[in-house]
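Heads up: the structure comes next, in structure tokens.
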Amino acid sequence: MLDVRYLCDNIDEVEGILKKRGKDFDLSKIKELAAQRKDLTQTYELNQQKLNQNKHLMAKLDKKSEEFIQKRDEMKEISSTSKEAKVKLAEVMEQLDELVMFLPNLPQNDVPLGKGEDDNIVLRYWGEKPILDFEPKNHWDLDPNQNLMDFERGSKITGTKFTVMKKAAATMERALISFMIDNHLDSGYDEIFPPFVVNKEAMTGTGQLPKFADDAFKIDGMEYYLVPTAEVPVTNLYQNEIIPEDKLPLKMVAYTACFRKEAGSAGKDTRGLIRQHQFNKVELVKITKPEDSHKEHLALLADAESILQKLNLHYRVVELCTGDLGFSASKCYDIEVWLPGQNKYREISSVSNFLDFQGRRAKIRYKNKETKKNIIAHTINGSALAVGRTLVAIFENYQQKDGSIVVPEALRPYMRGMEVIKG
RNA sequence: GGAGAAUUGGCCGAGUGGUUUAAGGCGACGGUUUUGAAAACCGUUGAUGUAACCGCAUCCGGGGGUUCGAAUCCCUCAUUCUCCGCCA
């Protein structure tokens with residue numbers, strides 16, 4: 001969330017920056033509530049001070065004395081004034097929180113202005129499109145009998161957009177997870193295997209709640225949610241903690257299945273593996289000092305790219321414009337892999353710097369060694385990579401004329417030496 | 001799932017309604033001493049908010065209540081441990 005004090009002191013500036021996201025935000029109510037908060041806090045604290053002072057006086061008095069009884073009646077009144085202020089203050093804070101919680105992060109200054117996807121900027125390309133001397137197929141057409149990706153049986157046992165992976169595809173899904181994690185361990189990340197179910201506080205800490213409740217699978221009758229990304233459990237490991245400065249940056253890699261309702265994307269990508277309610281993802285998360293977050297953001301992007309490079313898959317890096325930026329992000333790069341079967345680039349990773357937006361929500365801080373002050377840490381994360389989409393990319397890029405699929409060399413040790421997949 | 005016990009600052013730990021406005025210890029940091037180190041001695045050492053500063057307020061697992069006053073009494077939830085049951 002945004003810093004309420006900064007917001008109130010710079011209300012016009014903040015309003016202007018938020019406008020870049022393509023929507024208008026009215027902050028006047030927030031300003032009003034913040035003023036009320038200040039008044040009520042003052043009333044409350046002044047009365048508490050009186051109570052505290054008299055508490056010690058009263059302790060020494062004879063409990064039956066006239067003076068004591070008089071003092072007690074006096075204190076009764078002050079106490080009730082104080083309590084009243086406390087109750088009102090809690091109400092104001094709740095309203096204020098609710099409003100601020102729904103405000104997205106401020107885009108960084110150098111994020112390109114734009115309304116949506118079409119205004120994103122392509123920064124660079126890596127590799128080249130594969131040369132195929134035949135008409136490339138979509139990944140689902142490479143497996144017409146659903147021997148590898150069984151969409152129909154997935155629907156039968158669960159529902160639409162749940163898929164059963166079989167045989168070499170199941171092996172590849174598992175191989176990719178290990179391959180990715182191993183590579184990131186070599187780059188100095190610590191491996192985490194978190195729960196796939198998280199509570200409301202964790203979901204709020206990283207920004208999925210309260211605004212995006214409709215996108216999450218909630219467990220019936222409990223305040224528990226299926227993780228939409230490993231970002232949620234992993235970032236929130238340090239929720240409400242003060243991390244010693246010399247432990248930063250924290251670099252973590254985690255695999256989880258990810259569960260998303262995909263509300264609002266009905267009708268998009270109705271075929272194939274691109275958009276599922278459950279998918280696998282290897283996620284990188286960093287917790288850094290503010291002065292390091294930009295550098296670490298770029299390094300994380302490079303770590304994500306390295307996986308595609310090792311698999312020799314052609315991709316491009318795109319910087320998201322202000323209108324396409326996610327709710328919690330201040331700056332974001334997408335990696336888009338080339339899919340010959342669909343003849344387009346598709347997002348396979350999203351690498352964001354949140355600055356202190358999640359850190360403030362989740363109360364992730366570190367102690368500055370010199371000043372001894374607690375400072376809100378910056379958080380960064382990115383997919384490295386979305387596993388299902390990587391499999392799709394391999395299928396479509398490594399397909400042969402006869403419909404078989406060559407296993408990328410780097411992946412073979414993880415697939416018991418398998419070189420070719422035949423559907 | 002059942003029964004019992006516990007939760008206090010970085011760690012250990014005292015504290016059963018008002019000099020606790022959280023003792024004491026360990027650790028850490030600074031100083032004295034020393035050729036250097038250790039030891040000893042002295043001092044400092046949690047968080048949040050607010051304020052230019054002195055300070056003030058809040059925090060004893062979370063939330064709520066009783067009271068003029070709560071770490072302390074009551075309710076509730078969470079977590080941990082022990083025993084029983086069930087189970088991969």
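The sequence lines fix the lettering, A, B, ..., with proteins before strands; numbering per chain opens at 1.
For A:Q49, taking side-chain heavy atoms from C-beta onward, the closest of the listed nucleotides B:C68, B:A51, B:A57 is B:A57. Considering only side-chain atoms of A:K55, the nucleotide from B:G49, B:G18, B:C68 that sits closest is B:G18.
Nucleic acid contact for A:K76: sugar-phosphate only, since backbone atoms but no base atoms lie under 4.0 Å from a heavy atom of the residue. Within the 4.0 angstrom heavy-atom criterion, only backbone atoms of the sugar-phosphate kind lie near A:N374; the bases stay farther away. Nucleic acid contact for A:K63: base, since at least one base atom lies under 4.0 Å from a heavy atom of the residue. If you check every strand for non-hydrogen atoms under 4.0 Å, A:R365 touches sugar and phosphate atoms only.
If you take atom C1' in B:G46 and the same atom in B:A28, they sit 13 Å apart, rounded to whole Å. Between the P atoms of B:G17 and B:A71, the separation comes to 13 Å (whole Å). A gap of 31 Å separates the P atoms of B:U66 and B:A14, to the nearest Å. Taking the P atoms as reference points, B:G85 lies 36 Å from B:G9, given to the whole Å. Nucleotides B:G25 and B:C74 have their P atoms positioned 32 Å apart, rounded to a whole Å. Taking atom P on both B:C81 and B:C12, the two are 15 Å apart, rounded to the nearest angstrom. Distance check on atom C1': B:G13 versus B:U7 gives 13 Å, rounded to whole Å. Nucleotides B:G61 and B:A70 are separated by 16 Å at their P atoms, to the nearest Å.
For the pair A:K367 NZ and B:C29 P, the computed distance is 16 Å after rounding to whole Å. Per the geometry, CZ belonging to A:F68 stands 7 Å off C1' belonging to B:C68, to the nearest Å. The interatomic distance linking A:N240 (CG) with B:U48 (C1') rounds to 11 Å, in whole Å. The separation between A:Q42 atom CD and B:C56 atom P is 16 Å, rounded to whole Å. The distance from atom CG of A:L46 to atom C1' of B:A51 is 13 Å, rounded to the nearest whole Å. Whole-Å rounding puts the A:L57 CG to B:U21 C1' distance at 13 Å. Here the C1' atom of nucleotide B:U58 and the CG atom of A:L40 are 16 Å apart, to the nearest Å. Distance CG (A:L89) to P (B:A57): 16 Å, rounded to an integer number of Å.
For A:D73 and A:A59, each mapped to the nucleotide of RNA chain B holding its nearest heavy atom, the one lying further toward the 5' end belongs to A:A59. For the pair A:N54 and A:Y224, both in contact range of RNA chain B, the more 5′-proximal nearest nucleotide belongs to A:N54.
Stacking is found between A:H56 and the pyrimidine-like six-membered ring of the B:U21 base under the 5.5 Å centre-distance and 30° plane-angle cut-offs.
Nucleotide B:A78 has B:U7 as its partner under the Watson-Crick or G-U criteria, with both atom distances under 3.5 Å. Base-pair partner of B:A40: B:U32 (Watson-Crick or G-U wobble, both distances under 3.5 Å). For B:C68, the paired base is B:G18 (Watson-Crick or G-U wobble, both distances below 3.5 Å). Here B:G24 sits opposite B:C12 as a Watson-Crick or G-U wobble pair (both hydrogen-bonding atom distances under 3.5 Å). If you check B:C56 for Watson-Crick or wobble pairing at under 3.5 angstrom, you find it paired to B:G49.
If you run side-chain contact (heavy atoms from CB on, under 4.5 Å) between A:T288 and each of A:I380, A:L248, A:N353, only A:I380 comes through.
When every heavy atom of A:M203 is checked against every heavy atom of A:A216, the shortest pair comes out as CE-CB, 3.7 Å. Of all heavy-atom pairs spanning A:E173 and A:N280, the tightest one is OE2-ND2, 2.9 Å.
Residue A:T41 has no polar side-chain atom (N or O) positioned under 4.0 Å from OP1 or OP2 of B:A57.
No hydrogens or angles considered: nothing links the side chains of A:S65 and A:E67 as a donor-acceptor pair under 3.5 Å.
The closest donor-acceptor contact from the side chain of A:S352 to the backbone of A:N381 lies at 3.5 Å or more, if one exists at all. Not a single donor-acceptor pair under 3.5 Å links the side chain of A:R412 to the backbone N or O of A:G417.
For the pair A:K251 and A:Y189, the cation-pi criterion (under 6.0 Å, within 45° of the ring axis) is fulfilled.
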